[in-house]
Q: 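A single structure is presented below for examination.
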Amino acid sequence: MKIALLGYGKMGKTIEQIAINRGHEIVLTVDKDDDNYDIKKADVAIDFSIPSVAFNNISNCLNNGVPVISGTTGWLESYDKAVALCEEKKGAFIYASNYSLGVNIFFELNKTLAKMMSNLKQYNVSMEEIHHTQKLDAPSGTAISLANDIIANNNNFSNWKLDETGEAIIPITAKRIEDVPGTHTVTYQSEVDTITIEHIAHNRQGFALGAVIAAEWIVGKTGIFTMNDVLNIG
Ligand SMILES: NC(=O)C1=CN([C@@H]2O[C@H](COP(=O)(O)OP(=O)(O)OC[C@H]3O[C@@H](n4cnc5c(N)ncnc54)[C@H](OP(=O)(O)O)[C@@H]3O)[C@@H](O)[C@H]2O)C=CC1
Ligand SMILES: O=C(O)C1=N[C@H](C(=O)O)C[C@H](O)C1
């Protein structure tokens, strides 16, 4: 498969290694100021760039008939526009806040726990995410997915906020610590006990492998998909 990497930073470089090991060819790497490139030479594009350019990168792929996997976080205000463009162009598109198999299992655990806790009003929920100090967005895309999944599965919570507490609010704390690839913790607390579930990424390999598997899966398909479609879970 011929792969274009849109964003050639920490994730782009990790994805390159894994893609080559799986027999793929990187035909294009795009970074800041690389404006003049032909995306059409790729069978599929993988975007791990920065929030301010992700939508443009995705649009460029969809306008040129190239399936696109996006892992960039912090651009979701434009997600509906990307979906509409994908439908209009009959293209193929996946966004996931987290491509690792472990986190996608963790997402399912989180939904199940949220349902189980729905009738137990004595528990408050809170969330913490920890990432490396170069991260541009807060809270992380994964924390937002976890919070939205709790809201969809538990009647006691209707919104999330960064560093704010309140009635029916899921407070999220974002910590930035040198070299941490990504840690997410969901905590339910009552007066008598605490229940915690946690995912700790030890490196970026899991995110990168999931993105390459998603790219292999999407080629030849049309539509807007999620990692649940790719991994056949949920
Ligand atoms: N969904 C998931 O599983 C995961 C998502 N992420 C997300 O992926 C994104 C990238 O993460 P990471 O690789 O760690 O970040 P990096 O900062 O290491 O890499 C981002 C790269 O994007 C480049 N870039 C800047 N402008 C453009 C442009 N116009 N087009 C293409 N690339 C551009 C940057 O170049 P320059 O440095 O020159 O500005 C940089 O090399 C983040 O949003 C992060 O949250 C990360 C891990 C997992
Ligand atoms: O920026 C990162 O590094 C990561 N970003 C994603 C997020 O915002 O959830 C996924 C992962 O936690 C690493």
Side-chain angles (χ1 to χ4, degrees), residues 7 9-12 14-15 18 46-51 54-55 58 69-79 82 93-115 117 125-154 157 159-164 169-188 195-214 224-231 233-234:
K10 292 182 284 301
M11 280 302 296
T14 312
I15 289 168
I18 288 179
I46 304 181
D47 168 78
F48 280 76
S49 56
I50 55 172
F55 177 70
I58 293 161
I69 304 299
S70 178
T72 308
T73 52
W75 66 277
L76 278 194
E77 68 285 354
S78 300
Y79 178 77
F93 169 52
I94 299 180
Y95 163 74
S97 59
N98 201 306
Y99 280 90
S100 87
L101 174 61
V103 164
N104 281 278
I105 301 286
F106 187 66
F107 283 153
E108 294 309 307
L109 257 181
N110 175 57
K111 285 183 212 167
T112 302
L113 182 59
K115 266 184 218 150
M117 301 304 282
V125 71
S126 62
M127 207 176 290
E128 181 182 86
E129 58 98 335
I130 311 176
H131 284 86
H132 53 95
T133 49
Q134 296 96 50
K135 187 160 177 60
L136 296 178
D137 52 319
S140 66
T142 305
I144 294 172
S145 298
L146 289 163
N148 286 338
D149 286 344
I150 293 173
I151 291 162
N153 287 285
N154 186 308
F157 305 101
N159 207 348
W160 61 263
K161 297 260 187 222
L162 184 63
D163 295 330
E164 267 183 54
I169 286 181
I170 303 169
I172 305 179
T173 306
K175 290 189 178 158
R176 296 293 171 256
I177 299 174
E178 203 72 25
D179 294 336
V180 174
T183 297
H184 292 90
T185 312
V186 179
T187 301
Y188 289 83
I195 302 171
T196 298
I197 56 171
E198 184 171 68
H199 180 273
I200 304 171
H202 299 314
N203 51 50
R204 293 186 172 80
Q205 303 281 321
F207 312 135
L209 176 62
V212 175
I213 288 172
I224 298 112
F225 303 102
T226 68
M227 273 310 268
N228 279 7
D229 300 312
V230 177
L231 299 172
I233 55 172

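This is a predicted model, so every value here is computed, not measured.
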Q: Looking at Leu136 and Pro51, what are the two nearest heavy atoms and their distance?
A: CD1-CD, 3.9 Å
Q: Measure the CG-CZ distance between Leu113 and Phe106 for me, rounded to the nearest 0.5 Å.
A: 9.0 Å
Q: Rounded to the nearest 0.5 Å, how far apart are CD1 of Ile224 and CD1 of Ile94?
A: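 Ile224 atom CD1 to Ile94 atom CD1 measures 11.0 Å (nearest 0.5 Å).
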Q: How would you list, by chain and number, every residue that makes a side chain to side chain donor-acceptor pair (under 3.5 Å) with Asn153, sequence neighbours excluded?
A: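 Side chain to side chain donor-acceptor pair (under 3.5 Å) check on Asn153 returns nothing, list empty.
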Q: Testing the basics here: between Tyr188 and Ala114, what is the closest heavy-atom pair and its distance to 0.1 Å?
A: OH-CA, 3.4 Å
Q: Can you name the ring pair (Phe, Tyr, Trp, His ring centres under 6.0 Å) partners of Phe225, sequence neighbours left out?
A: Trp217
Q: With a 4.5 Å cut-off on side-chain heavy atoms, are Asp163 and Thr173 touching?
A: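 Thr173 vs Asp163: side chains touch.
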Q: Say whether Asp47 and Ser49, considering side chains only, have a donor N or O and an acceptor N or O under 3.5 Å apart.
A: yes
Q: Shortest non-hydrogen contact from Asn154 to Met117?
A: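 Nearest pair, atom of Asn154 first, then Met117: ND2-C, 3.5 Å.
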Q: Going by side chain to side chain contact (heavy atoms under 4.5 Å, CB included), name the residues that satisfy it together with Thr187, two or more places apart in sequence or in a different chain.
A: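 Checked Thr187 against side chain to side chain contact (heavy atoms under 4.5 Å, CB included); matches are Ser126, Thr185, Gln189, Thr194, Thr196.
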Q: State which residues pass salt bridge (Lys or Arg N to Asp or Glu O under 4.0 Å) with Lys135; sequence neighbours excluded, sorted by chain then number.
A: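 Expected list: Asp137.
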Q: By side chain to side chain donor-acceptor pair (under 3.5 Å), which residues pair with Lys115, not counting sequence neighbours?
A: none
Q: Can you tell if the side chain of Glu108 reaches within under 4.5 Å of the side chain of Asn228, non-hydrogen atoms only?
A: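 Contact flag for Glu108/Asn228 side chains = yes.
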Q: With a 4.5 Å limit on heavy-atom distance, are the side chains of Phe48 and Thr14 in contact?
A: no
Q: Which residues satisfy the side chain to side chain contact (heavy atoms under 4.5 Å, CB included) test with Pro181, sequence neighbours excluded?
A: Ala201
Q: Hey, does Arg176 have a side-chain heavy atom less than 4.5 Å from the side chain of His132?
A: no
Q: Taking side chain to side chain contact (heavy atoms under 4.5 Å, CB included) as the test, write out the residues that go with Leu76, two or more places apart.
A: Tyr79, Tyr95
Q: Mind checking whether Met127 and Pro139 have side chains closer than 4.5 Å, heavy atoms only?
A: no
Q: Show me the donor-acceptor pairs within less than 3.5 Å that the side chains of residues 140-152 make with the rest of the protein, sequence neighbours left out.
A:
{"from": "Ser140", "atom 1": "OG", "to": "Ala143", "atom 2": "N", "distance (Å)": "3.0"}
{"from": "Ser140", "atom 1": "OG", "to": "His184", "atom 2": "NE2", "distance (Å)": "2.8"}
{"from": "Thr142", "atom 1": "OG1", "to": "Ser97", "atom 2": "O", "distance (Å)": "3.4"}
{"from": "Thr142", "atom 1": "OG1", "to": "Asn98", "atom 2": "ND2", "distance (Å)": "3.1"}
{"from": "Ser145", "atom 1": "OG", "to": "Ser97", "atom 2": "OG", "distance (Å)": "2.6"}
{"from": "Ser145", "atom 1": "OG", "to": "Gly141", "atom 2": "O", "distance (Å)": "3.2"}
{"from": "Asn148", "atom 1": "ND2", "to": "Ile144", "atom 2": "O", "distance (Å)": "3.4"}

Q: How close do Ile213 and Val230 get, counting heavy atoms only, and between which atoms?
A: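 Nearest heavy atoms, Ile213 then Val230: CG2-CG1, 4.0 Å.
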Q: Using every non-hydrogen atom in the two residues, find where Gln205 and Asn203 come nearest and quote the distance to one decimal.
A: N-OD1, 3.0 Å
Q: As an exercise, state the distance from CG of Leu209 to CD1 of Ile18, rounded to the nearest 0.5 Å.
A: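 Rounded to the nearest 0.5 Å, the CG-CD1 separation comes to 5.5 Å.
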Q: Compare all side-chain heavy atoms of Tyr99 with those of Ile69 and state whether any distance is below 4.5 angstrom.
A: yes
Q: For Leu231, what residues pass the side chain to side chain contact (heavy atoms under 4.5 Å, CB included) criterion, not counting sequence neighbours?
A: Leu101, Asn104, Met227, Ile233
Q: Considering residues at least two apart in sequence or located in another chain, which fulfil the salt bridge (Lys or Arg N to Asp or Glu O under 4.0 Å) criterion with Glu164?
A: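 Salt bridge (Lys or Arg N to Asp or Glu O under 4.0 Å) list for Glu164, sorted by chain: empty.
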